[in-house]
Peer 1: 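Before I ask anything, let me first share the structure, which is written out below as structure tokens.
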Amino acid sequence: MNTKITDIIKKIDEKNSNIILAFDNDNFTKLCDLINKIHSYIIGVKVHNEILNLTNEQNILLYNLCKNYSLFLWEDRKFNDISNTVMKQLKKYEDIRDFVSICPISGPDILRIKSNLGFFVLIEMSSEQNLFTPITNSIFNFVVQEANIPNNNICGIICQKEKYFRNDKLLTIKPGIHLTNTKDNVGQKYTNPKYLQTKPSLFVVGRGITESENPLEEIKKYISI
């Protein structure tokens, strides 16, 4: 098994949590304050560098903060291009992130890039009328095939349907989690995890925590599910 997968499983056991915090705001100070408050209840942090617009120094500070709290840091850039281009893009993140998300509609070659970053591969999205549904099975099949090749970087799949959660080789990651809201006004659909019969390896929780008046108490509700 990929050592990065093993490390995440260890974090899940140590913290008794499978929650990744998604922070999609542009307030770096708020992000650091939030991590300081809830680090015991999360195992990773998902960010968008272009939203935060971080300097190199801030990226290093954020990376070290996560390391100090035994959190992994995920750049949710959804890289999608020919392999030669993505190889060059990934170089920017190899010293300041642990994982990146890959959108592999360019084909399986993108999954064969050599990097010290782990890959979370997008096969489904939580937005309305997204175009992944007709091709999800095809993507899933070649991701699993590539994941069986030794020394690959594939660590997990980002998915929505419970049938993909039944996977003993890759982590399964479900974004779009919220305990009260069912959608927003720009196409996002939320899932309440208590209604899932089969659970993924990891939940991604964003606005349910970041927009809460008391994020520490709110995240405890997600832990208890």
Side-chain angles (χ1 to χ4, degrees), residues 4-5 7-79 89-102 115-120 122 126 155-156 158 171 173-181 184 186 188 190 193 201-225:
K4 288 185 178 291
I5 297 177
D7 288 344
I8 290 180
I9 293 172
K10 183 179 179 182
K11 291 181 192 297
I12 292 172
D13 292 338
E14 289 175 347
K15 295 199 170 190
N16 193 29
S17 170
N18 66 343
I19 295 177
I20 302 168
L21 172 70
F23 191 85
D24 298 333
N25 299 323
D26 62 359
N27 191 325
F28 178 63
T29 301
K30 180 179 178 180
L31 171 58
C32 293
D33 288 345
L34 189 56
I35 292 173
N36 283 323
K37 287 179 182 176
I38 69 171
H39 62 87
S40 296
Y41 298 94
I42 59 177
I43 64 165
V45 179
K46 181 177 80 69
V47 296
H48 295 269
N49 194 48
E50 73 273 19
I51 294 177
L52 282 164
N53 195 27
L54 300 181
T55 65
N56 186 57
E57 290 75 16
Q58 287 173 320
N59 266 311
I60 293 171
L61 284 171
L62 176 60
Y63 188 65
N64 289 336
L65 179 65
C66 289
K67 282 286 170 279
N68 289 339
Y69 287 135
S70 189
L71 306 171
F72 64 78
L73 187 56
W74 167 12
E75 178 63 37
D76 192 19
R77 174 67 174 74
K78 297 182 179 68
F79 291 93
Q89 292 173 315
L90 293 185
K91 291 295 183 183
K92 178 177 180 179
Y93 294 96
E94 288 190 332
D95 295 326
I96 54 173
R97 299 290 186 268
D98 300 299
F99 296 91
V100 294
S101 47
I102 300 289
S115 173
N116 64 4
L117 296 163
F119 296 167
F120 293 148
L122 184 66
S126 56
C155 297
I158 306 164
L171 298 169
I173 306 158
K174 182 173 173 60
I177 298 297
H178 207 296
L179 293 181
T180 54
N181 294 352
D184 66 12
V186 286
Q188 168 72 307
Y190 289 116
S201 310
L202 303 168
F203 288 118
V204 180
V205 185
R207 283 173 277 183
I209 302 299
T210 60
E211 295 182 355
S212 171
E213 293 183 2
N214 191 334
L216 181 58
E217 291 305 313
E218 189 67 21
I219 199 165
K220 292 177 182 178
K221 299 175 186 177
Y222 290 86
I223 292 287
S224 64
I225 294 175

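Every heavy atom of this structure was used, including side-chain atoms; hydrogens, water molecules and symmetry mates were not. Remember, predicted model here, so these are calculated numbers, not experimental data.
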Peer 1: Under 3.5 Å, side chain of H48 to main-chain N/O of E50, donor-acceptor pair present?
Peer 2: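 Flag not set: sc H48 to bb E50 has no pair under 3.5 Å.
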Peer 1: What's the spacing between K220 NZ and S17 OG if we round to 0.5 Å?
Peer 2: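 Taking NZ in K220 and OG in S17, the distance rounds to 13.0 Å.
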Peer 1: Taking C-beta and beyond as the side chain, do I35 and F23 meet within less than 4.5 Å on heavy atoms?
Peer 2: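 No, their side chains stay 4.5 Å or more apart.
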Peer 1: Quick check for you: to the nearest 0.5 Å, what is the distance between H39 atom NE2 and Y69 atom OH?
Peer 2: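 Answer rounded to 0.5 Å: 4.0 Å.
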Peer 1: Taking atom NZ of K67 as the centre, report whether more than 12 heavy atoms of other residues, nucleotides or ligands fall under 6.0 Å from it.
Peer 2: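 Yes, enclosed.
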Peer 1: What closest approach, in Å, do S115 and E94 show between heavy atoms, and which atom pair accounts for it?
Peer 2: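 Closest approach of S115 to E94, heavy atoms only: OG-OE2, 2.7 Å.
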Peer 1: Taking side chain as C-beta onward, heavy atoms only, is I173 less than 4.5 Å from S201?
Peer 2: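 A side-chain contact is absent here, since even the closest heavy-atom pair is not under 4.5 Å.
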Peer 1: Determine whether the side chains of E75 and S101 contain a donor N or O and an acceptor N or O closer than 3.5 Å.
Peer 2: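 E75 vs S101: no donor-acceptor pair found between side chains.
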Peer 1: Between N25 and N27 (side chain of the first, backbone of the second, donor and acceptor by atom type, cut-off under 3.5 Å), is there such a pair?
Peer 2: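 No; judged by distance alone, with no hydrogens or angles, the pair does not exist.
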Peer 1: Rounded to the nearest 0.5 Å, how far does CG of N59 lie from CG of N49?
Peer 2: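 Between N49 CG and N59 CG, I get 4.5 Å after rounding to 0.5 Å.
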Peer 1: Using side-chain heavy atoms (C-beta onward) and a distance below 4.5 Å, is I9 in contact with L171?
Peer 2: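 In short, these two side chains touch, coming nearer than 4.5 Å.
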Peer 1: CG of N16: more than 12 outside heavy atoms within 6.0 angstrom?
Peer 2: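 No - once you tally the heavy atoms of other residues, nucleotides and ligands closer than 6.0 Å, there are 12 at most.
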Peer 1: Is there a side-chain contact between F203 and I225 in this structure, where contact means two heavy atoms from C-beta onward sitting under 4.5 Å apart?
Peer 2: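 Contact flag for F203/I225 side chains = no.
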Peer 1: Among Y93, F119, F120, exactly one meets ring pair (Phe, Tyr, Trp, His ring centres under 6.0 Å) together with F99. Which residue is that?
Peer 2: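 Of the listed residues Y93, F119, F120, the ring pair (Phe, Tyr, Trp, His ring centres under 6.0 Å) partner of F99 is F120.
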Peer 1: Using side chain to side chain contact (heavy atoms under 4.5 Å, CB included), reason through C155 and I8 one step at a time and then give a plain yes or no.
Peer 2: CA-CA 10 Å; C155 297; I8 290 180; 5.6 Å; no
Peer 1: Ignoring hydrogens and angles, tell me if any N or O in the side chain of K4 forms a donor-acceptor pair with the backbone of N116 under 3.5 Å.
Peer 2: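 Present.
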Peer 1: Stepwise, does the side-chain hydrogen bond (donor to acceptor under 3.5 Å, both in side chains) test hold for D184 with Y190?
Peer 2: CA-CA 8 Å; D184 66 12; Y190 289 116; 4.7 Å; no
Peer 1: As a quick check of understanding, evaluate side chain to side chain contact (heavy atoms under 4.5 Å, CB included) for Y41 and L216, giving each step before the final call.
Peer 2: CA-CA 9 Å; Y41 298 94; L216 181 58; 3.6 Å; yes
Peer 1: Would you check if the side chain of K30 reaches a backbone N or O of T210 as a donor-acceptor pair within less than 3.5 Å?
Peer 2: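 Yes.
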Peer 1: State, yes or no, whether a side-chain contact exists between V205 and I20 at a heavy-atom distance under 4.5 Å.
Peer 2: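 Not in contact.
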Peer 1: Rounded to the nearest 0.5 Å, what separation is found between the CZ atom of F28 and the CD atom of Q58?
Peer 2: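 The CD atom of Q58 is 5.0 Å from CZ of F28, to the nearest 0.5 Å.
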Peer 1: Quick one: does Y222's side chain have a donor or acceptor within less than 3.5 Å of a partner on N18's backbone?
Peer 2: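 Pair absent, no side-chain N/O of Y222 close to backbone of N18.
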Peer 1: Examine distances only and state if a side-chain atom of K15 and a backbone atom of K10 form a donor-acceptor pair shorter than 3.5 Å.
Peer 2: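 The answer is no, because no donor-acceptor pair under 3.5 Å joins these two groups.
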Peer 1: Does the side chain of D95 come within less than 4.5 Å of I60's, by heavy atoms?
Peer 2: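 Not in contact.
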Peer 1: Rounded to the nearest 0.5 Å, how far does CH2 of W74 lie from CG of L202?
Peer 2: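 Atom-to-atom, L202:CG and W74:CH2 are 8.0 Å apart.
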Peer 1: Can you tell me how far CD1 of I177 sits from CZ of R207, rounded to the nearest 0.5 angstrom?
Peer 2: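 Interatomic distance, R207 CZ to I177 CD1, rounded to 0.5 Å: 13.0 Å.
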Peer 1: Any donor-acceptor pair under 3.5 Å linking the side chain of E218 with the backbone of E213?
Peer 2: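 Such a contact is absent between E218 side chain and E213 backbone.
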Peer 1: Has the side chain of D76 got a donor or acceptor atom that lies under 3.5 Å from a matching backbone atom of K46?
Peer 2: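 Checking the backbone N and O of K46 against the side chain of D76, no donor-acceptor pair under 3.5 Å is found.
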Peer 1: State, to 0.1 Å, how close G176 and S126 come at their nearest heavy-atom pair, and which atoms those are.
Peer 2: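 Smallest heavy-atom distance, with atoms named: CA-OG, 4.2 Å.
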Peer 1: Mind running side chain to side chain contact (heavy atoms under 4.5 Å, CB included) on D26 and L52 for me, showing each step along the way?
Peer 2: CA-CA 4 Å; D26 62 359; L52 282 164; 5.5 Å; no
Peer 1: Hey, are the side chains of I19 and I43 touching, using non-hydrogen atoms and a 4.5 Å cut-off?
Peer 2: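 Counting from C-beta outward, I19 and I43 never come under 4.5 Å.
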Peer 1: Of all the heavy-atom pairs spanning A22 and V204, show the shortest one and how long it is.
Peer 2: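 That closest heavy-atom pairing would be CB-CG1, 3.6 Å.
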Peer 1: State, yes or no, whether a side-chain contact exists between I102 and V100 at a heavy-atom distance under 4.5 Å.
Peer 2: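 Answer yes - side chains close enough.
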Peer 1: Show, in sequence, the C-alpha distance, side-chain angles and deciding distance for N36 and L65, and conclude whether the side chain to side chain contact (heavy atoms under 4.5 Å, CB included) test is met.
Peer 2: CA-CA 9 Å; N36 283 323; L65 179 65; 3.7 Å; yes
